[in-house]
Amino acid sequence: MMKTSILVILLLFGSITHAQIPVEIFGGHERTTVDIMFFRFFKNQRNENSRWLFFNRNRASVDYRMTKTMFMPQFGFTEAISYNHEKLKGFAPVLVGQVLSWGVYAKTGIQYVHIKKDVTIFTWLVCETKNEPDIDYFLLLRYTPKLSDRINLFAQAESINAMPTISTRNFSFTQRLRFGIQLKNYQFGLGADFSQTGNTTFTETNNIGAFLRHEF
């Protein structure tokens with residue numbers, strides 16, 4: 001899986017040599033996170049968008065309460081490729097590979113993408129390719145209308161959900177909110193991350209603070 005991810009990244013940068021890479025640093029009251037997330041179409045020989053869309057996310061977090069055995073750093077690498085035929089109206093089959101702090105996963109399912117000047121909708125419903133799999137639902141909403149000639153609003157919401165097919169396993173739900181302004185290649189403002197984990201009863205955590213995002 002790791003070799004496949006590296007190969008995909010090399011192919012991506014060979015096809016999109018001028019892609020901007022957004023990096024977010026979020027400082028909250030419990031932890032700091034670094035998040036690199038983008039999705040880009042591969043280019044064809046005429047330098048036009050092809051039907052192949054690549055999604056990349058690299059994320060790490062460090063908890064201020066970390067000890068030798070508890071609240072350890074967390075990381076995750078997600079790579080996905082989808083085939084976006086124009087007749088499918090934004091829907092596409094997608095293959096997802098993930099390397100997380102607790103394991104390596106391959107998933108497949110359906111993706112939907114809607115990208116306009118000020119509005120982005122990116123979502124998928126995927127299932128692990130193993131026995132007794134988890135089902136994942138991911139939703140990203142972004143809204144960046146102009147406030148003036150130089151400044152845009154920056155509003156983003158995410159929902160990340162893992163739903164087991166075995167009744168004894170835990171559900172996991174995460175919501176991430178960002179609200180601020182965009183100035184040239186910078187976005188900054190306030191943010192909050194919420195998560196709920198459990199089955200019949202749930203443990204809730206949150207992380208509230210501020211974010212700085214820059215497209216390199």
Side-chain angles (χ1 to χ4, degrees), residues 12-13 15-29 31-43 47-61 76 78-92 94 96 110-126 136-161 173-195 206-216:
L12 170 72
F13 286 102
S15 300
I16 311 175
T17 55
H18 301 291
Q20 290 182 309
I21 308 300
V23 178
E24 178 195 272
I25 299 176
F26 176 58
H29 73 288
R31 67 190 64 87
T32 294
T33 63
V34 178
D35 196 350
I36 303 171
M37 179 179 66
F38 64 89
F39 35 93
R40 299 285 190 273
F41 283 97
F42 287 94
K43 298 295 184 179
N47 203 35
E48 300 169 339
N49 286 346
S50 72
R51 293 172 177 171
W52 295 96
L53 180 68
F54 178 81
F55 175 93
N56 172 274
R57 185 169 214 171
N58 303 311
R59 181 178 172 85
S61 67
T78 300
E79 326 290 342
I81 294 181
S82 59
Y83 182 74
N84 296 261
H85 196 287
E86 53 273 13
K87 290 186 177 180
L88 295 178
K89 306 297 184 182
F91 290 94
V94 62
V96 180
I110 297 295
Q111 174 183 285
Y112 175 77
V113 178
H114 176 83
I115 302 174
K116 295 297 182 182
K117 182 178 180 181
D118 299 331
V119 177
T120 297
I121 303 172
F122 188 101
T123 184
W124 66 44
L125 180 67
V126 297
D136 290 358
Y137 177 69
F138 171 66
L139 173 66
L140 169 72
L141 303 174
R142 186 181 295 155
Y143 183 49
T144 57
K146 273 188 171 295
L147 299 178
S148 69
D149 290 340
R150 298 182 59 197
I151 298 175
N152 288 53
L153 177 72
F154 184 84
Q156 181 173 288
E158 290 184 69
S159 178
I160 304 102
N161 310 278
F173 306 108
T174 299
Q175 306 85 41
R176 299 185 184 126
L177 304 175
R178 303 291 185 265
F179 189 80
I181 62 173
Q182 175 174 313
L183 180 61
K184 294 184 177 180
N185 291 332
Y186 286 90
Q187 299 91 29
F188 51 89
L190 301 178
D193 294 347
F194 306 98
S195 66
N206 59 73
N207 193 39
I208 299 172
F211 74 94
L212 173 63
R213 190 172 180 270
H214 178 59
E215 295 183 358
F216 289 92

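What you see below is based on every heavy atom in this structure, not just the backbone, and it leaves out hydrogens, waters and symmetry mates. Everything numeric here is computed off the predicted structure, so don't read it as measured data.
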*Asks:* Show the numbers, then the answer: is there a side-chain contact (heavy atoms from CB on, under 4.5 Å) between N58 and E79?
*Replies:* CA-CA 9 Å; N58 303 311; E79 326 290 342; 3.9 Å; yes
*Asks:* CD/Q175 to CG/L139 distance, rounded to the nearest 0.5 angstrom?
*Replies:*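 Rounded to the nearest 0.5 Å, the CD-CG separation comes to 11.0 Å.
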*Asks:* Listed by chain and number, what are the side-chain hydrogen bond (donor to acceptor under 3.5 Å, both in side chains) partners of Y83, not counting sequence neighbours?
*Replies:*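 With neighbours one apart ignored, the set is R51.
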*Asks:* Restricting to salt bridge (charged side-chain N to carboxylate O under 4.0 Å, His left out), what partner residues turn up for E158, sequence neighbours left out?
*Replies:*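 Residues passing salt bridge (charged side-chain N to carboxylate O under 4.0 Å, His left out) with E158: R57, R176.
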*Asks:* Return yes when atom CZ of F173 has more than 12 non-hydrogen atoms of other residues, nucleotides or ligands closer than 6.0 Å, and no otherwise.
*Replies:*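 Enclosed: over 12 neighbouring heavy atoms sit under 6.0 Å from CZ of F173.
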*Asks:* Could you tell me which residues satisfy side-chain hydrogen bond (donor to acceptor under 3.5 Å, both in side chains) with N152, sequence neighbours excluded, listed by chain and number?
*Replies:*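 Checked N152 against side-chain hydrogen bond (donor to acceptor under 3.5 Å, both in side chains); zero matches.
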*Asks:* Taking only residues two or more places apart in sequence or in another chain, which ones pass side-chain hydrogen bond (donor to acceptor under 3.5 Å, both in side chains) with S195?
*Replies:*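 side-chain hydrogen bond (donor to acceptor under 3.5 Å, both in side chains) check on S195 returns T205.
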*Asks:* Taking C-beta and beyond as the side chain, do F179 and L153 meet within less than 4.5 Å on heavy atoms?
*Replies:*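 With C-beta onward as the side chain, the pair touches.
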*Asks:* For R142, which residues count as a salt bridge (charged side-chain N to carboxylate O under 4.0 Å, His left out) partner, sequence neighbours excluded?
*Replies:*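 Once residues adjacent in sequence are excluded, R142 has no partner under the salt bridge (charged side-chain N to carboxylate O under 4.0 Å, His left out) criterion.
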*Asks:* Show the numbers, then the answer: is there a side-chain hydrogen bond (donor to acceptor under 3.5 Å, both in side chains) between D35 and T33?
*Replies:* CA-CA 6 Å; D35 196 350; T33 63; over 6 Å; no
*Asks:* Report the residues that fulfil salt bridge (charged side-chain N to carboxylate O under 4.0 Å, His left out) with D193, sequence neighbours left out, ordered by chain and then residue number.
*Replies:*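 Checked D193 against salt bridge (charged side-chain N to carboxylate O under 4.0 Å, His left out); matches are R59, R178.
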*Asks:* If you look at every heavy atom in M37 and L140, which pair is closest and at what distance?
*Replies:*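 Heavy atoms only, the tightest pair is CE-CD2, 4.0 Å.
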*Asks:* I need the single residue from I110, V113, V94 that forms a side chain to side chain contact (heavy atoms under 4.5 Å, CB included) with S82. Which is it?
*Replies:*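 Among I110, V113, V94, the one meeting side chain to side chain contact (heavy atoms under 4.5 Å, CB included) with S82 is V94.
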*Asks:* Measure the CG-CD1 distance between L53 and I115 for me, rounded to the nearest 0.5 Å.
*Replies:*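 It comes to 6.5 Å.
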*Asks:* Write down the atom of F38, the atom of P22, and the distance for their closest heavy-atom approach.
*Replies:*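 In this case the closest contact between F38 and P22 is CB-CD, 3.8 Å.
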*Asks:* Please enumerate all residues that pass ring pair (Phe, Tyr, Trp, His ring centres under 6.0 Å) together with Y143, with sequence neighbours excluded.
*Replies:*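 Testing Y143 for ring pair (Phe, Tyr, Trp, His ring centres under 6.0 Å), a comparison that skips the adjacent residues, returns none.
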*Asks:* For the CG atom of N56 and the CZ atom of F39, what is their distance to the nearest 0.5 Å?
*Replies:*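 If we round to the nearest 0.5 Å, N56:CG and F39:CZ are 11.5 Å apart.
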*Asks:* Can you give me every donor-acceptor pair (side chain of residues 207-216, partner residue at least two apart or in another chain, under 3.5 Å) with its distance?
*Replies:*
from, atom 1, to, atom 2, distance (Å)
N207, OD1, H29, N, 3.3
N207, OD1, E30, N, 2.9
N207, OD1, R31, N, 3.1
N207, ND2, R31, O, 3.0
R213, NH1, Q187, OE1, 2.8
H214, ND1, N185, O, 3.2

*Asks:* How many angstroms lie between atom OG1 of T174 and atom CG of N206, to the nearest 0.5 angstrom?
*Replies:*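 Reported to 0.5 Å precision, the distance equals 12.0 Å.
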*Asks:* Return the CZ to CD distance between F188 and Q182, rounded to the nearest 0.5 Å.
*Replies:*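 Between atom CZ of F188 and atom CD of Q182 there are 10.0 Å.
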*Asks:* Would you list the atom pairs, donor with acceptor, under 3.5 Å between side chains in residues 116-126 and any protein atom, with sequence neighbours excluded?
*Replies:*
from, atom 1, to, atom 2, distance (Å)
T123, OG1, Y137, OH, 3.1
T123, OG1, F138, O, 2.6

*Asks:* Using side-chain hydrogen bond (donor to acceptor under 3.5 Å, both in side chains) as the criterion, list what pairs up with S50, not counting sequence neighbours.
*Replies:*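 For S50, no residue satisfies side-chain hydrogen bond (donor to acceptor under 3.5 Å, both in side chains) once neighbours in sequence are set aside.
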